Amino acid sequence: MIFRPDEARRLIRDSLVAAASEMAGRPVQVSLAEPRHEGFGDLGTQVAMELAPGLGRPPRQIADALVSLLHLPDGLVSCVSVDGPGFINLTFSRSYYDAFLRVLGTEGLRPLVDRPGEGRKALVEFVSSNPTGPLNVGHCRQAVLGEAVSGLLEVTGWTVEREYYFNDSGLQTLLLGESLASRYLEGSPGEIPIPENGYHGDYIEGWARDLASSRGRGLSWPGDSQVFVDHARTRAMDLIHSDLEMLGIEFDRYFSESSLIPEAVEEAIARLSDVFRDGSSLIFEEPAGSGKKWLRLTALGRPEDRVLVRDNGMYTYRAPDIAYHLDKFRRGYDLLVDIFGSDHLDTSQDVTAALSALLGEERVRSTLRVILHQFVTLVREGRKVKMSTRAANFVTLRELIEEVGSADVTRYLFLTRKAEAHMDFDLDLARRQSDENPVYYVQYAYARIAGIIRTAEAQGASPSTAPGALEGELEEPAERRLVKMLESVPGRTAACAEALEPHRLTEILAEIATAFHSFYQKHRVVDPDAPRRTSARLLLCAACRNTIRDLLGTLGVEAPERM
RNA sequence: GCGCCCGUAGCUCAGCUGGAUAGAGCAGCGGACUUCUAAUCCGCAGGUCUCGCGUUCGAGUCGCGACGGGCGUACCA
């Protein structure tokens with residue numbers, strides 16, 4: 001009999017719930033947790049202590065009675081004990097662990113992880129940087145985060161589409177075009193200055209030269225503004241594509257803001273104006289007759305009303321943002337994930353409020369999940385690297401990866417912090433190819449296992465796969481710790497996915513690596529004089545290898561066969 | 001001022017639905033390579049979980065308040 005870890009826990013919990021509810025004469029909730037310390041079994045519950053005050057009996061007595069009421073499935077649990085003040089502890093049977101290891105060692109993590117997303121579709125929007133220049137370190141964090149969240153959803157069964165929304169029609173696009181024109185026209189009679197708040201990056205000079213050689217020198221500003229804008233946008237998107245390629249991230253779709261203009265935006269505004277709160281439409285014009293349209297966000301619990309259409313007829317970014325999200329909702333996804341930098345908080349909440357007004361709060365809350373990540377500070381030689389965006393002295397994603405020397409290291413290190421936490425990225429640590437670098441620690445464990453398996457294959461040894469072949473084996477403390485560790489991975493992975501928190505995966509990876517390195521140090525795997533033990537340990541190694549491979553794969557980090 | 005996030009070891013940070021003695025890496029100290037990779041392991045030391053009040057049988061975790069830091073508070077995105 002094979003139990004998936006989450007099923008095993010559910011069966012045990014159900015049994016405890018039934019027993020406890022029977023005893024208490026009412027429905028009782030039971031929480032199961034791994035005992036913090038070894039020697040107390042694999043799973044424990046304190047339900048007896050919770051029931052004690054209500055029943056007026058000593059917790060231990062209640063625990064004993066509960067144990068006698070338990071109906072557990074055959075072959076799952078080998079030992080139930082009452083410990084300490086009244087904890088009930090359970091130990092999984094060997095046959096449960098053995099079956100688990102066989103699946104993990106042969107098929108990997110996939111069949112062992114709960115798949116609540118099976119048959120459902122998710123859209124993850126991330127990066128969504130304006131096409132105005134190369135991606136910077138902030139985008140890098142977001143790209144890595146989005147990719148890991150996507151991977152995590154896929155592990156739990158979701159069909160995921162990765163989408164990049166780019167603003168190619170607002171004021172910034174014009175400013176970029178004008179900045180390009182300024183460079184292009186430099187030294188010519190029609191010379192114009194770089195606009196205030198314009199873009200100063202060196203990359204624009206290259207674009208200007210290319211434009212001059214492809215279109216000649218006869219263009220002028222503002223007469224040919226569309227040419228400049230189009231050229232700048234095209235080149236900026238090229239830059240972004242190549243930056244993403246460097247990081248190894250691919251999107252399923254690039255969604256253009258301008259494709260929403262004007263129809264979809266007008267429709268969104270019309271729909272909003274049909275919504276009334278306290279007798280007034282959510283859309284109002286002020287000053288009257290100016291054409292300036294406001295969204296009455298204060299009626300939706302937000303602190304300020306915001307302009308959607310300026311008096312010159314141009315949309316502010318919130319208008320297409322709302323239209324874009326309506327479009328995503330209309331496309332019929334079961335889950336929409338938005339990943340933004342923390343500077344988008346206000347906008348994001350405004351958009352969410354508008355969507356709730358149009359689609360219903362419940363639907364929006366259950367479908368849309370927003371991850372707002374904090375900023376990144378680069379640290380070099382113990383000091384913060386100063387960065388500012390428009391002045392063009394920011395560090396680009398490309399420079400970062402080149403300095404670190406590896407996209408994998410960059411990706412992994414970005415994922416070791418939770419999204420909501422501000423991150424100091426230590427360039428010196430990232431660059432070091434040593435034990436101080438947490439990426440190598442994990443990759444090294446994988447490479448070591450690969451080495452063991454190569455040795456085993458050369459000697460004709462292979463992992464145990466027959467039922468019963470593990471009996472009496474893998475009993476050493478280091479082996480048991482490792483098995484237990486692995487058994488917890490599927491459930492924890494599913495929890496990471498549910499919480500959309502990939503950083504926890506790096507914790508799990510580090511724990512597996514620690515447990516493996518420790519095991520490796522103590523015990524030799526391949527031993528021609530002990531073929532049975534060799535096979536058992538090889539299965540354990542294969543299980544470890546597959547787990548590391550699958551988790552690293554989820555994060556988009558390579559698992560090297562040799563280092 | 002208001003909104004959101006963060007505050008855990010000297011430093012950088014984990015801590016899953018509230019559970020048994022709060023963890024890891026780095027830095028510090030002391031050990032282990034004739035072996036399937038020492039990019040490793042083992043040990044020692046290091047804590048008023050910012051502070052206060054509250055909820056609970058039980059709080060790093062939940063609530064309220066204070067303090068400190070970050071981000072936002074645009075008719076930029």
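As a basis for the values below, the full set of heavy atoms in this structure was taken, side chains included, without hydrogen atoms, waters or symmetry mates. Everything numeric here is computed off the predicted structure, so don't read it as measured data.
Residues forming a side chain to side chain contact (heavy atoms under 4.5 Å, CB included) with A450(A) (at least two apart in sequence, or on another chain): R454(A), E561(A). A search for ring-ring contact (aromatic ring centres under 6.0 Å, His included) contacts involving H344(A) returns F340(A), not counting sequence neighbours. S488(A) meets the side chain to side chain contact (heavy atoms under 4.5 Å, CB included) test with E34(A), M485(A), R492(A); sequence neighbours excluded. For F425(A), the ring-ring contact (aromatic ring centres under 6.0 Å, His included) partners two or more places apart in sequence, or in a different chain, are F414(A). With sequence neighbours excluded, the residues forming a side chain to side chain contact (heavy atoms under 4.5 Å, CB included) with P195(A) are L175(A), E178(A), S179(A), listed by chain and number. In this structure, the side chain to side chain contact (heavy atoms under 4.5 Å, CB included) partners of A499(A), at least two apart in sequence or on a different chain, are E501(A), R504(A).
Nucleic acid contact for S128(A): none, since no nucleic acid atom lies under 4.0 Å from a heavy atom of the residue. Contacts of L345(A) with the nucleic acid, taken as non-hydrogen atoms under 4.0 Å apart, include base atoms. Within the 4.0 angstrom heavy-atom criterion, only backbone atoms of the sugar-phosphate kind lie near E420(A); the bases stay farther away. Here Q349(A) lies in heavy-atom contact (under 4.0 Å) with sugar-phosphate atoms only. Among the heavy atoms of the strands, none lies under 4.0 Å from M49(A). D343(A) comes within 4.0 angstrom of a base, heavy atoms only.
At a threshold of 4.0 Å, the pair R306(A)-D346(A) counts as salt-bridged, since one of the basic side-chain nitrogens sits closer than that to a carboxylate oxygen. Using a 4.0 Å cut-off between a side-chain N of Lys or Arg and a carboxylate O of Asp or Glu, R9(A) and E487(A) qualify as a salt bridge.
Considering only heavy atoms from C-beta on, V409(A) comes within 4.5 Å of Y440(A) through its side chain. Side chains of C496(A) and I508(A) form a contact here, defined as non-hydrogen atoms less than 4.5 Å apart.
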Each nucleotide N or O in nucleotides 33-36 of chain B that has a protein N or O under 3.5 Å away: list the pair and distance.
unit_1, atom_1, unit_2, atom_2, d
C36(B), O4', R524(A), NH2, 3.3
C36(B), O2', G451(A), O, 3.4
C36(B), O2', I452(A), N, 3.3
C36(B), O2, V526(A), N, 3.3
C36(B), N3, V525(A), N, 2.8
C36(B), N4, H523(A), O, 2.5
C36(B), N4, R524(A), N, 3.4
C36(B), N4, V525(A), N, 3.4

Pull out every protein N or O sitting under 3.5 Å from an N or O of nucleotides 11-18 of chain B, one pair per line with the distance.
unit_1, atom_1, unit_2, atom_2, d
U12(B), O2', R417(A), NH2, 2.6
C13(B), OP1, H422(A), O, 3.4
C13(B), OP1, D424(A), N, 3.4
C13(B), O5', R417(A), NE, 3.2
C13(B), O2', R417(A), NH1, 3.2
A14(B), OP1, K418(A), N, 3.1
A14(B), O2', E507(A), OE1, 2.7
A14(B), O2', E507(A), OE2, 2.9
G15(B), OP1, H503(A), NE2, 2.9
C16(B), O2', R504(A), NH1, 3.3
U17(B), O4, L32(A), O, 3.2

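For A66(B) and G28(B), the P atoms lie 42 Å apart once the distance is rounded to whole Å. A9(B) and G23(B) are spaced 14 Å apart, taking the P atom of each and rounding to whole Å. Of the P atoms belonging to A24(B) and G43(B), the separation is 10 Å, rounded to the nearest Å. When the C1' atom is compared between A14(B) and C49(B), the two are found 13 Å apart, to the nearest whole Å. Between the P atoms of A22(B) and C16(B), the separation comes to 15 Å (whole Å). G63(B) sits 37 Å from A27(B) when the P atoms are compared, rounded to a whole Å. Using P as the reference atom, C57(B) and A74(B) are 47 Å apart when rounded to the nearest Å. Taking atom C1' on both A20(B) and G58(B), the two are 11 Å apart, rounded to the nearest angstrom.
One interatomic measurement links the two molecules: CG of L482(A) to P of C41(B), which rounds to 13 Å at whole-angstrom precision. In this structure, L300(A) atom CG and G3(B) atom C1' are separated by 16 Å, rounded to whole Å. Look at CG on D350(A): it is 13 Å from P on A77(B), rounded to the nearest Å.
If you check residues 509-518 of chain A against RNA chain B, the residues with a heavy atom closer than 4.0 Å are H517(A), S518(A), listed by number. Within residues 302-318 of chain A, the residues having any heavy atom closer than 4.0 Å to RNA chain B are, in order of number, E304(A), R306(A), V307(A), R310(A), T316(A), Y317(A).
With centres under 5.5 Å and a plane angle under 30° as the test, the ring of F375(A) is not stacked against the base of G70(B).
For Y441(A) and C41(B), the shortest distance from a side-chain N or O to OP1 or OP2 is below 4.0 Å.
Side-chain contact check for E420(A) and S342(A): no donor-acceptor pair (N or O, by modelled atom type) lies under 3.5 Å. For the residue pair T173(A) / D168(A), no side-chain donor-acceptor distance below 3.5 Å is found, with atom types taken as modelled. Donor-acceptor pairing under 3.5 Å is lacking for the side chains of D408(A) and S406(A). If you check the side chains of Y315(A) and E266(A), you find a donor sitting under 3.5 Å from an acceptor.
Nearest nucleotide to the side chain of N89(A), out of C76(B), G3(B), A20(B): A20(B). Here the side chain of E50(A) is nearest to one of C57(B), G3(B), G72(B), namely C57(B).
Below 30°, between 30° and 60°, or above 60°: for W294(A) and F284(A) the angle between ring planes is below 30°, a parallel geometry.
Between L372(A) and R562(A), the one whose closest nucleotide on RNA chain B sits nearer the 5' end is L372(A).
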Would R417(A) and D424(A) count as a salt bridge (charged side-chain N to carboxylate O under 4.0 Å, His left out) if you check the C-alpha gap in whole Å, the side-chain angles of each, and the deciding distance to 0.1 Å? CA-CA 9 Å; R417(A) 304 276 175 271; D424(A) 282 341; over 6 Å; no
Would L415(A) and V144(A) count as a side-chain contact (heavy atoms from CB on, under 4.5 Å) if you check the C-alpha gap in whole Å, the side-chain angles of each, and the deciding distance to 0.1 Å? CA-CA 7 Å; L415(A) 289 168; V144(A) 163; 3.3 Å; yes
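Judged as a side chain to side chain donor-acceptor pair (under 3.5 Å), the pairs with a partner in residues 515-526 of chain A (not counting sequence neighbours) are, in order, R448(A)-H517(A).
No hydrogens or angles were tested; on distance alone, nothing pairs the side chain of D168(A) with the base of A77(B) as donor and acceptor under 3.5 Å.
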Represent RNA chain B in dot-bracket notation, 5' to 3'. Only Watson-Crick or G-U wobble pairs with both distances under 3.5 Å count; pseudoknot-style crossings use [ ] and interstrand partners use |. (((((((..((((.....[...)))).(((((.......))))).....(((((..]....))))))))))))....
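The glycosidic torsion of C41(B) lies more than 90° away from 0, which places this base in the anti conformation.
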